[in-house]
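What follows is a short report on a single structure.
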Amino acid sequence: MTPEIIARLFPNPLPSVAEIEAKYPPRRLPEGAKATRIAPSPTGLFHIGNLYAALVAERAAHQSGGIFYIRVEDTDQKRAVDGALKVVCDALAHYGMRADEGVDADGKDYGPYAPYTQSQRRDIYQAYVKSLVEKGLAYPCFCSAEDLDMMRKVQEKNAQRPGYYGKYAKCRGLTDAEILAKLDAGAQPIIRFKSSGDPDRRMVVKDLFKGELNLPENDIDQVILKSDGLPSYHFAHVVDDHLMGTTHVTRADEWLSSVTTHIQMFVAMGWKPPKYGHIAPLQKLDNGNRRKLSKRHDPEANIMYFAERGYPRDAVVEYLLNLINAQFEDWRKANPDTPAFDFPLNMGKMSNVAGALFDFVKLNSISREIVARLTAGQVYDETLAWARQYAPDFARRMADNRRYLIDILDIERHIGAKSRKDLAKWEDVPPEVSYFFDDLFTMTHNEKMTMLAPMDEADVMAVARDFAAAYDPADDKDAWFDKVRRIAGAHGFAADMKAYKASPAAFKGSVADAAKILRVLVTGSDKSPDLHAVMRVLGREAVVRRLNG
RNA sequence: GACCCUAUCAUCUAGCGGUUAGGAUACGGCCCUCUCAAGGCCGGUACGCGGGUUCAAGUCCCGCUAGGGUCGCCA
């Protein structure tokens, strides 16, 4: 291609390749250290799969003494959304990941390879594209969207592979004169990479997670520079991961089929490709079929869903870690008090090669274990932080009753393995504690009696009155229960369960029924945590009032 | 349609030629027990199908089937 054509293709002044290479020298990393990145598109959504990939990349880097950085892939300007960067940065920070280099929520760069936003690296990409054109490894393409559409239709009709390759790569063979003529006519070309591949030849790629892959070579002439002057993903990836010294690219499975294209480009540029690891997508069950979690259809695909529900961040991290490496579970059992991030993630032992079903039951179970290990004060703080954002009324109530809430949350907590595990997420807290507040305890007398049916109302009231009169918050659990027994016995209920079981007909009910009377009257439910503890927290005044009311 | 990936209990998985196929979650039962939760104990016809290779196959090979992914001037 003549210098004249190249000058017309790239009219603006561009840095030289040598200048760029000098500005961004190779990383000097300790032996074995990995440089990884998370490369989100600023679409305003942070997918659970992004978090998954970020976790793998971040752990791989930091556990090897390397670098984890964030690079914004905003080459599709149509999809860019304001404030999207903040979503990404907040998500990383929220889940405890620190990027060593990249951009912050305001778009400000930090780190030696800046800028880390692709739309600001236009000149860099163009310089390399230009060098490729100069070497005859790339060429201008004047095909319109309609041309390409037609091409695809023909291919479909002929039962051929779709794509811009071989004889379909019309602009590949354009002569200088033809190019000049089109340029003179005002046509705006894009630039395509001239593939040297042959699909009949195979390329062996070693994937970090999947092992050796035997893939056909790519022969499609991919677009590398779009009409808006920005590169396509493929080219931006190759240039950036070279310049930024990425050693390990961990990315979603959907890239697997373009890995041959990427390697081909690295080779054409004379660069060493990074190691690749492709992560299978998280899936969900849909009408009996699995499909990948879609951010369009599945609210749980968006990381915000977990914040809204009030899942503790550690629960989400541990659940994901558990999917990444199945050994996590054993490790957790052996190291119950170690932070999850200390888990030695093993890239060579990746689970989830095929794509796991996202399992809320399992998440909840992990979360309950985590919440059960927290102090009441910690649960209070976390729940309050959640409520401030998602349940303001409840947040106010919490703030006004701090001591009271902590006492409530402390019921049956810190009794080791037997601690209550009924809270999986912060949104479970409000319904769990509502009966402790008079204004939320709205059950009517009739409703309570219905719940107590078929017990006789007179018996119910008698037991309640006697207990109200005898209740002393200072009683310990045994003294408290002795009173329940005594009063139960005095009203014809069996004080002893064994006696009741031996001859149930001889009694109106058992001590369990007597306790049920107290429980329903005091909590409005026939299920509750330890009644003795509940009454203590509620206080004598409220207990007596509810029993006599 | 083409290409690629994957295939062990309901779910996540361990397994890397010789195992009574292990764990976790879920589920069921029992125990504990004033209810619930928790806890303890016990339980279930899990290697997709068919061919090979081998003394021996969940493990290796081939086919089939099923599921997933990709085939854009989106990433």
Side-chain angles (χ1 to χ4, degrees), chain A residues 39-41 43 73-76 78-79 118 141 143-145 148-149 152 155-156 159-164 188-192 199 207 210-211 213-216 218 220 222-228 230-234 236-237 251-260 278 280-281 283 285 289-292 319 322-323 325-330 332-333 349 351-366 368 372 412 415-423 480-481 484-485 488 497 510-520 523 525-532:
Chain A
S41 295
T43 57
E73 310 225 316
D74 61 343
T75 54
D76 185 4
K78 297 185 292 295
R79 291 208 310 179
Q118 290 184 329
C141 170
C143 291
S144 66
L148 297 175
D149 237 29
R152 253 172 249 125
Q155 289 169 327
E156 202 173 317
Q160 282 166 316
R161 205 155 49 81
Y164 204 85
Q188 281 295 317
I190 50 101
I191 309 290
R192 286 182 186 272
D207 186 271
K210 294 174 193 282
L213 268 21
N214 194 272
L215 306 170
N218 166 65
I220 291 176
Q222 297 282 359
V223 172
I224 56 178
L225 198 66
K226 303 185 289 182
S227 56
D228 61 2
L230 285 169
S232 63
Y233 169 85
H234 305 292
H237 150 58
R251 54 155 41 165
D253 225 6
E254 59 201 271
W255 296 114
L256 187 56
S257 35
S258 18
V259 71
T260 50
H278 291 91
Q283 305 185 324
L285 221 43
N289 280 345
R290 285 161 169 259
R291 60 168 173 75
K292 90 171 169 179
Y319 175 65
N322 186 52
L323 286 184
N325 270 181
Q327 308 88 285
F328 178 80
E329 226 159 36
D330 291 335
R332 174 47 86 209
K333 199 182 255 179
K349 283 236 178 213
S351 304
N352 185 26
V353 177
L357 234 34
F358 194 93
D359 186 0
F360 274 97
V361 174
K362 182 87 174 187
L363 204 216
N364 286 339
S365 160
I366 288 174
R368 270 192 284 269
E412 288 182 281
I415 42 180
K418 292 187 174 184
S419 295
R420 290 196 79 79
K421 285 171 188 154
D422 42 9
L423 297 175
W480 177 88
F481 192 56
V484 178
R485 271 187 214 279
M497 283 304 283
S510 71
V511 64
D513 295 306
K516 184 174 172 182
I517 293 172
L518 304 178
R519 172 166 284 115
V520 168
T523 71
S525 165
D526 57 359
K527 299 169 190 131
S528 85
D530 179 50
L531 238 201
H532 167 253

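We use all heavy atoms of the structure for the numbers below, so side chains are in, but hydrogens, waters and symmetry mates are not. Residue numbers begin at 1 in each chain, while the letters A, B, ... track the order of the sequences.
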If we ignore hydrogens and angles and just use 3.5 Å, is the side chain of [X] paired with the main-chain N or O of [Y] as donor and acceptor?
X        : Y        : value
A:Tyr164 : A:Arg192 : no
A:Gln155 : A:Gly163 : yes
A:Thr75  : A:Ser232 : no
A:Asn364 : A:Val361 : no
A:Thr523 : A:Ser525 : yes

Could you work out the separation of [N] and [M] based on their [atom1] atoms and round it to a whole Å?
N      : M      : atom1 : value
B:rG68 : B:rC12 : P     : 14 Å
B:rU59 : B:rU19 : C1'   : 12 Å
B:rC41 : B:rC64 : P     : 48 Å
B:rC34 : B:rG58 : C1'   : 50 Å
B:rA57 : B:rG52 : P     : 12 Å
B:rG40 : B:rU33 : C1'   : 13 Å
B:rU54 : B:rG22 : P     : 30 Å
B:rA26 : B:rU65 : P     : 38 Å

Is there a side-chain polar atom (N or O) of A:Lys349 under 4.0 Å from OP1 or OP2 of B:rU13?
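Result: no.
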Side-chain N or O of A:Asn352 less than 4.0 angstrom from OP1 or OP2 on B:rC12?
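For B:rC12, neither OP1 nor OP2 has a side-chain N or O of A:Asn352 closer than 4.0 Å.
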CA sep, side-chain torsions, deciding dist, call: A:His278, A:Asp253, side chain to side chain donor-acceptor pair (under 3.5 Å):
CA-CA 5 Å; A:His278 291 91; A:Asp253 225 6; 5.7 Å; no
May I ask which nucleotide in the shown strands pairs with [N], Watson-Crick or G-U wobble, both distances under 3.5 Å?
N      : value
B:rG28 : B:rC42
B:rG72 : none
B:rC34 : none
B:rC16 : none

Charged N to carboxylate O under 4.0 angstrom, A:Glu254 versus A:Lys292?
yes
Classify the nucleic acid contact of [X] as base, sugar-phosphate or nothing, counting any heavy atom under 4.0 Å across all strands shown.
X        : result
A:Val484 : nothing
A:Ala417 : sugar-phosphate
A:Ser528 : base

What pairs of nitrogen or oxygen atoms, one from the protein and one from nucleotides 31-34 of chain B, lie under 3.5 Å apart?
residue: B:rC34; atom: O2; partner: A:Arg519; partner atom: NH1; Å: 3.3
residue: B:rC34; atom: O2; partner: A:Arg519; partner atom: NH2; Å: 3.2
residue: B:rC34; atom: N4; partner: A:Asp530; partner atom: OD1; Å: 3.2

A:Ser365 has its side chain closest, among B:rU25, B:rG39, B:rU13, to B:rU25
Report the nucleotide, chosen from B:rC12, B:rG23, B:rA14, that has the shortest atom-to-atom distance to any side-chain atom of A:Ala356.
B:rC12
The contact string for nucleotides 62-75 of chain B, one letter per nucleotide 5' to 3', using protein heavy atoms under 4.0 Å with B, S and - for base, sugar-phosphate only and none, comes out as -----SSSSSSBBB
